[in-house]
Every structure is written in structure tokens, then in C-alpha cells.
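Any value given below was found using the heavy atoms of this structure, including those in side chains, with hydrogens, waters and symmetry copies removed. Positions are given from 1 along the sequence.
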Amino acid sequence: MDATALEAQFQGEILSAALVAEPETPRTDGLDLPRMAARALNYLRGNPDPARGYECKFDLGPLGIPAHEPRTVPPNEYGHDPVSIGDTDCRMMLQYARMRAMAGEAMACEVEQGVRGRVLGYLCEDGMAWTNPASWSGTPIAGYWINKWASAKIMMLLANDFAATGDEADRARARKLFEGLKSLAVWDGPRAYYPGGGVPVKDGQYLTEGWAEHHSKNYPSIVEPCLEYAELCGDEEAVDFAVAMAEGFLASSQPGQDELRIDPETGAFGGHVHLHTHALIGVARLGILTGDERYLDWAEQAYDFIRHHGTDYGWYPEFIPQHTHGAETCVVGDMVALGVWLGQRHPHCFDHVARTVRNYLRLNQFFLTDDFVALFGRLHADKPREVVAAALDELRKLEGGFVSAPAPDDWVRYPDTLGATGRSANGIDMMGCCPPEGMRALWEAWRWTVQELPGGVRVNLPFHRDHPAARVTAGAPEQGWVRVEARREGDVQVRPPAWATRGEVTVQRSEQPAPVQWSGPDDAYVTCTNVKVGETLQVHWPVPVFVQRQTLTSVPGRELDLTIQWEGDEVEALDPCGQHLPIFERC
Ligand SMILES: [Zn+2]
């Protein structure tokens with residue numbers, strides 16, 4: 001077959017490609033986002049400790065006994081796991097309602113209410129969140145600081161509460177947070193910036209100890225929270241402020257960013273990736289909201305830069321450059337959240353989202369798999385059976401979370417002290433920031449699968465989705481089809497993968513072949529007009545099996561050649577395969 005379309009969509013080289021034989025029996029996809037969300041709720045309910053005021057856990061190392069032992073910052077007067085405060089908890093707080101919406105659960109449980117109470121408790125009289133800032137320093141720090149990150153997350157929570165209940169008290173508290181966040185900005189003409197990016201501030205000083213020295217060069221995550229608040233609470237002033245901050249990003253108003261400044265020509269930067277990607281989400285969203293292509297261009301260039309240091313199956317590096325080949329699920333979640341906005345302009349970005357969900361998130365969701373339990377048993381063979389059994393019981397509370405920093409094909413990133421206690425000693429890094437960001441990605445994929453438009457609906461992603469406007473059934477990845485049952489009258493647009501050979505895409509309306517018409521951004525959608533309620537469409541595309549070779553470049557001097565066997569958007573095998581807990585099947 002002609003591999004040109006594959007070469008345009010995948011990095012590196014395509015070594016061979018052939019079409020999968022036509023299936024005899026249709027098979028639906030096994031990927032089930034609501035089920036993944038239901039399992040994620042298990043983690044969200046298992047991580048916080050009710051006995052410690054629902055404090056959450058950051059320092060998780062599942063192959064150790066115990067799995068939770070705070071070592072990044074040991075327990076002190078501010079908390080048992082101080083790094084979790086104002087960070088892990090705020091990230092988790094936003095995911096409960098999303099995972100419940102996906103899983104079909106209406107009521108908040110006691111744990112969700114507990115975590116919520118905890119983070120709302122960070123708000124002080126000035127309306128802002130004051131916390132101990134160990135999550136920013138990674139070292140013990142005395143006292144309480146204004147935590148802009150936590151403040152912005154709580155502003156989003158309250159805005160969503162207002163949207164759900166109409167309670168004006170929530171809107172007032174969100175507004176106060178917005179005013180506080182805006183007041184901390186420094187103005188550069190019409191542009192705004194935070195000295196020290198997102199790091200905590202107190203009495204006009206910003207934190208620069210430990211990790212914060214580096215993070216003070218990252219862009220702050222402020223644009224997206226402002227847009228979310230503006231949209232849900234109807235406050236245009238927050239859009240104006242988001243524009244001013246985004247203009248500050250584009251003009252490099254924030255001083256001292258050094259290697260972390262994003263090169264406006266190439267999108268390149270060096271250093272910690274996640275805080276950048278988290279900040280970029282809002283810039284892409286602002287580009288869609290305002291129609292200003294400069295925002296989309298700027299965000300997309302950095303997105304592409306990160307993609308080229310990662311893979312096509314959703315593994316993206318924690319640092320560029322870094323010492324070992326490790327991803328960070330926070331980055332992965334952000335790249336999905338960015339991809340759905342960038343996909344509004346260039347829909348091929350939805351393929352990145354689809355591959356990331358299918359290959360990275362599905363396979364890095366943490367469970368006590370047979371292989372994990374067997375390895376755990378071997379590593380702890382010297383301990384009494386009841387100790388090992390009790391440790392495994394405790395680990396069940398973490399099922400449904402996400403491995404945080406896997407190697408390209410292994411849950412284990414740090415193999416030298418396997419089974420020791422501690423997040424970076426046991427082998428599997430499960431930093432608490434990451435599982436909720438993986439959940440955020442599930443939610444983005446779920447909510448953007450079906451997109452309502454004036455006069456119709458758009459199906460962006462090949463996932464099952466029971467949506468009020470359309471019910472989507474996805475074929476197995478090797479079969480290449482989606483079926484859409486219309487629940488509203490109007491036009492229906494369905495997106496086949498960008499690698500599909502266009503001339504061979506077909507559509508049936510109510511089981512009858514129909515002409516294929518392309519429309520939408522980049523003409524990426526097969527479009528049927530005037531679809532009636534109850535009418536079904538089925539779009540089909542031929543699926544290639546192919547072998548890709550690419551080189552991972554985030555570890556200078558230790559570049560890694562990967563050979564990846566694909567069936568459509570699904571990875572079948574990867575070489576070199578993982579040695580301990582491989583993510584894909586062995587080659
Ligand atoms: Zn993380």
C-alpha cells in the first residue's frame with residue numbers, strides 16, 4: 001500500500017505497511033472511557049486519608065512496603081506529605097465530578113466532600129489560597145504563602161459550582177479569587193506577567209528555593225482558569241486579563257526565563273515540560289475563543305516541539321533534556337487537553353489524542369495486574385506472607401490511578417533498587433500530581449468525542465459515546481469504523497483518522513451506501529446533511545498494519561531507537577520491550 005499518508009502523520013520512518021484484511025464479523029472496540037473513569041474514582045476515594053483531614057498522598061511508590069512514605073519532604077508541622085498540599089489535592093478535587101459524570105454517578109461521596117472541604121479551607125480572608133509551599137520547593141519551607149496555582153484551581157471549582165447550582169456565593173468567591181490573581185500581575189504596557197511565573201508569593205517576594213528556582217522560569221497556569229471562570233460566571237474582565245497574560249507569554253514579558261522561554265520561531269525550550277504544557281492549554285483555548293491565530297500558532301509550535309521529543313503513542317518526556325527516558329503523566333494529560341483545542345483548527349491533532357488514550361492512558365492505568373503481583377511477590381519473598389497480603393490490600397486503594405513516569409515500555413523507570421521503599425526507589429514512580437491529570441485527559445477525550453455545533457454534531461474521536469445529541473459506537477481499532485445514531489436533526493460530521501486513504505473511505509446512511517462529502521476544518525470530516533432523528537450513519541476506512549521506527553531524543557548521548565508495530569492507531573508491540581513490567585506485549 002501507499003504509505004504517504006502514514007509518513008505524514010507519524011514521526012521517523014515507516015518501514016513497511018499493508019492493509020488489514022476486511023473483517024468477517026464486526027467487532028466493537030474494547031476501550032471503554034466510562035469504565036476507566038469508574039475505576040479512577042476508586043483511586044480518588046482511596047488516596048486521601050480521612051484520619052488526616054483528607055490529606056492526599058504525593059509520595060507513592062507501589063512496589064515498596066509501605067507504598068506511601070513521604071520522603072521528598074518528610075512529615076512536618078504543615079502536613080504528613082507536605083508536597084501534596086495545595087497541589088495534589090487541588091488537582092484531584094477537580095476530577096471527582098468529571099469522573100462521576102463519565103461513570104454516571106450523581107452524588108459526591110464523603111471523601112470527595114472531605115477533599116473539597118480541605119482545599120476550600122485554604123482560602124483566607126483576602127480570598128486567596130494560602131498554603132505551605134513545599135509542593136513548589138520540594139524542600140521543607142516554613143510558613144504560608146499565597147499559592148496562585150491552588151487559587152486558580154479553586155476558582156475553577158467555584159465557577160463550576162456556580163454553573164451547577166446558581167449559588168451567588170460561589171460566584172462571589174470565584175470573583176474574589178480572580179481579583180486577587182489579577183492584582184498579583186505586573187503590567188508591561190497592555191501585557192501582563194507574573195515575576196517568577198506560577199511560584200508562590202508573600203509580601204511581594206516570590207519563592208525560589210529548591211524546585212521553585214527552576215519553576216520560576218516556567219509560564220504560570222493562569223489563562224485557562226481565567227477563561228473557565230469567565231465562561232461559567234459571565235465575567236468578561238477575566239477574558240481581558242487572560243488576553244493580557246497570553247500577550248505577555250508571546251512577548252516574553254516575564255523576565256529571567258532563560259532556557260525555559262519558548263522560542264517563538266520554533267516552539268523550542270529546555271527544562272521541565274509539564275508546567276509549560278499546563279499553561280499552554282489556556283493559550284490554545286483562547287485562540288479558539290477569540291479566533292486569533294497567533295495564540296494557536298504559538299501553542300501549536302510548542303506542542304509540536306514536545307511531540308517530536310516524545311512518541312506517537314502518547315509517551316511524552318518529563319524534561320527536555322533529561323537523564324533517563326521517563327514520561328510524566330501530567331504532561332500526557334496536558335497534551336491531550338491541548339490536542340482537543342488545537343484539533344478544532346487542525347483535526348489531525350485528535351489522532352494524537354486517540355492514540356494517547358488508547359496506548360498510554362489505557363495501559364498505564366494502575367491495577368494489580370498478574371505481572372505486578374508476581375513481581376511484588378518476588379521482591380518481597382523474604383517478608384511474612386501476611387505482610388505482603390496486607391500491602392497488596394492497601395495497594396488496591398490506588399487502583400485506577402496512573403503510573404506517573406513510565407519508561408517507553410515499562411512501568412518501571414528506576415530499576416536499580418526495585419522493591420525498596422520510596423517513590424523514586426521502589427521502581428515505579430507514582431507522584432500524586434499525575435493520576436488526576438491522567439483523569440483529566442480521559443474527561444477531555446470523552447467530552448470532545450461528540451461536539452455539538454449550530455445545526456449539527458461532529459464526531460471527533462473514534463470512541464464509544466452515549467451523548468444526548470448522538471450515540472457513537474466505535475469499531476475495534478483493526479476494523480476502522482464508527483457508527484453514529486443521530487438523536488438530533490441536522491448535519492453529522494464524522495472524522496476518520498488523518499492517515500486513512502481518502503479515496504477508500506465509505507459511508508452508509510441507514511445501511512445504504514451514500515456519497516462521501518468532506519467538510520469542516522482541513523476538510524477532515526465526512527459529512528451527511530439533514531440527518532433525521534434515529535437515522536444511523538456508518539463511516540468505514542481501511543486500516544493499515546505497519547512498522548514505524550523512530551529515535552527518542554530527550555536523553556542526549558543515550559538516544560533510543562524504537563521499532564513500533566501498529567495496527568491502525570493501536571500499538572501491538574514495541575522493541576526494545578520493557579524488562580520488568582512491559583506496557584505492550586512482548587515483540
Ligand atoms: Zn505529575
Side-chain angles (χ1 to χ4, degrees), residues 26-41 95 97-106 314 333 336-337 339-341 343-344 347-362 365 438-498 500 507-510 520-521 524-528 531-541 568-570:
R27 194 168 74 82
T28 54
D29 192 7
L31 177 64
D32 184 339
L33 292 170
R35 188 152 166 256
M36 288 178 78
R39 291 170 158 191
L41 282 167
Q95 309 312 324
R98 293 169 174 172
M99 295 303 102
R100 284 194 290 106
M102 291 176 71
E105 285 191 32
V336 166
V340 295
W341 290 110
Q344 310 286 314
H348 74 106
C349 295
F350 282 114
D351 284 352
H352 311 153
V353 170
R355 288 196 285 268
T356 299
V357 171
R358 180 174 299 286
N359 299 297
Y360 184 99
L361 292 168
R362 183 172 58 107
Q365 194 168 26
M439 293 171 202
R440 190 251 168 98
L442 294 183
W443 176 72
E444 296 286 5
W446 179 78
R447 75 174 177 139
W448 287 103
T449 294
V450 172
Q451 180 178 4
E452 291 188 81
L453 299 172
V457 296
R458 190 175 271 174
V459 178
N460 293 307
L461 289 159
F463 296 141
H464 303 303
R465 180 75 166 91
D466 196 351
H467 187 280
R471 182 191 174 92
V472 179
T473 307
E478 76 279 8
Q479 295 199 344
W481 55 269
V482 293
R483 186 180 166 88
V484 182
E485 183 191 330
R487 287 176 165 162
R488 305 240 165 96
E489 207 167 287
D491 299 346
V492 177
Q493 299 182 333
V494 180
R495 197 187 65 85
V507 59
Q508 292 194 320
R509 280 183 78 156
S510 303
Y525 295 82
V526 173
T527 301
C528 295
V531 177
K532 303 275 180 288
V533 174
E535 197 176 344
T536 58
L537 313 175
Q538 186 154 335
V539 176
H540 179 269
W541 56 90
D569 276 332
E570 185 163 279

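- Checked by atom type and distance alone, the side chain of R465 pairs as donor or acceptor with a backbone atom of W446 at under 3.5 Å.
- Heavy atoms only, all atoms of each residue included: V353 and A445 are closest at CG1-CB, 4.3 Å.
- To the nearest 0.5 Å, the span separating OG1 on T356 from CD on E444 amounts to 12.5 Å.
- If you take CD on Q479 and NE2 on H540, they are separated by 7.5 Å, rounding to the nearest 0.5 Å.
- With contacts defined as side-chain heavy-atom distances shorter than 4.5 Å, the pair W448/Q344 qualifies.
- Using a 4.5 Å heavy-atom cutoff, the side chains of V336 and W443 are not in contact.
- In summary, of the residues considered (R355, R362, R358), a salt bridge (Lys or Arg N to Asp or Glu O under 4.0 Å) with D569 occurs for R355 alone.
- Closest approach of L361 and G438 over heavy atoms only: CD2-CA, 3.9 Å.
- Between atom CG of residue L461 and atom CZ of residue R495 there is a gap of 6.5 Å, rounded to the nearest 0.5 Å.
- Considering every non-hydrogen atom in both V531 and R509, the closest pair reads CA-NH2, 3.6 Å.
- Counting only heavy atoms from C-beta outward, the side chains of L33 and H464 never approach each other to under 4.5 Å.
- Nearest approach of A106 to R100, heavy atoms of both residues: O-NH1, 2.7 Å.
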ask   = Which is it for H467 and V472 under the side-chain contact (heavy atoms from CB on, under 4.5 Å) test, yes or no, and what are the steps along the way?
value = CA-CA 8 Å; H467 187 280; V472 179; over 6 Å; no
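- Contact annotation: the side chain of Q493 approaches that of L453 to within less than 4.5 Å [non-hydrogen atoms, C-beta and beyond].
- When every heavy atom of V457 is checked against every heavy atom of A469, the shortest pair comes out as CG1-CB, 3.4 Å.
- Checked options V507, V450, V484; the residue passing with V492 is V484 (criterion: side-chain contact (heavy atoms from CB on, under 4.5 Å)).
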key: R98 vs L442, side-chain contact (heavy atoms from CB on, under 4.5 Å): CA-CA, chis, key distance, verdict   = CA-CA 9 Å; R98 293 169 174 172; L442 294 183; over 6 Å; no
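- The CD atom of Q365 sits 7.0 Å away from the CZ atom of R39 when rounded to the nearest 0.5 Å.
- A salt bridge links R487 with D466: at least one charged nitrogen is closer than 4.0 Å to a carboxylate oxygen.
- Q538 places none of its side-chain heavy atoms less than 4.5 Å from the side chain of T473.
- Judged by the 6.0 Å and 45° rule, R458 forms a cation-pi pair with Y525.
- Here the straight-line distance linking atom CD of E535 with atom CD of E489 works out to 9.5 Å at 0.5 Å rounding.
- Under the 4.5 Å side-chain criterion, counting only non-hydrogen atoms from C-beta, P462 is not in contact with D29.
- Once rounded to the nearest 0.5 Å, the distance linking CE of M99 with CZ of R440 reads 10.5 Å.
- F350 has its side chain within reach of V340: a pair of non-hydrogen atoms, C-beta onward, lies under 4.5 Å apart.
- Closest heavy-atom contact between G534 and E485: O-CG, 4.2 Å.
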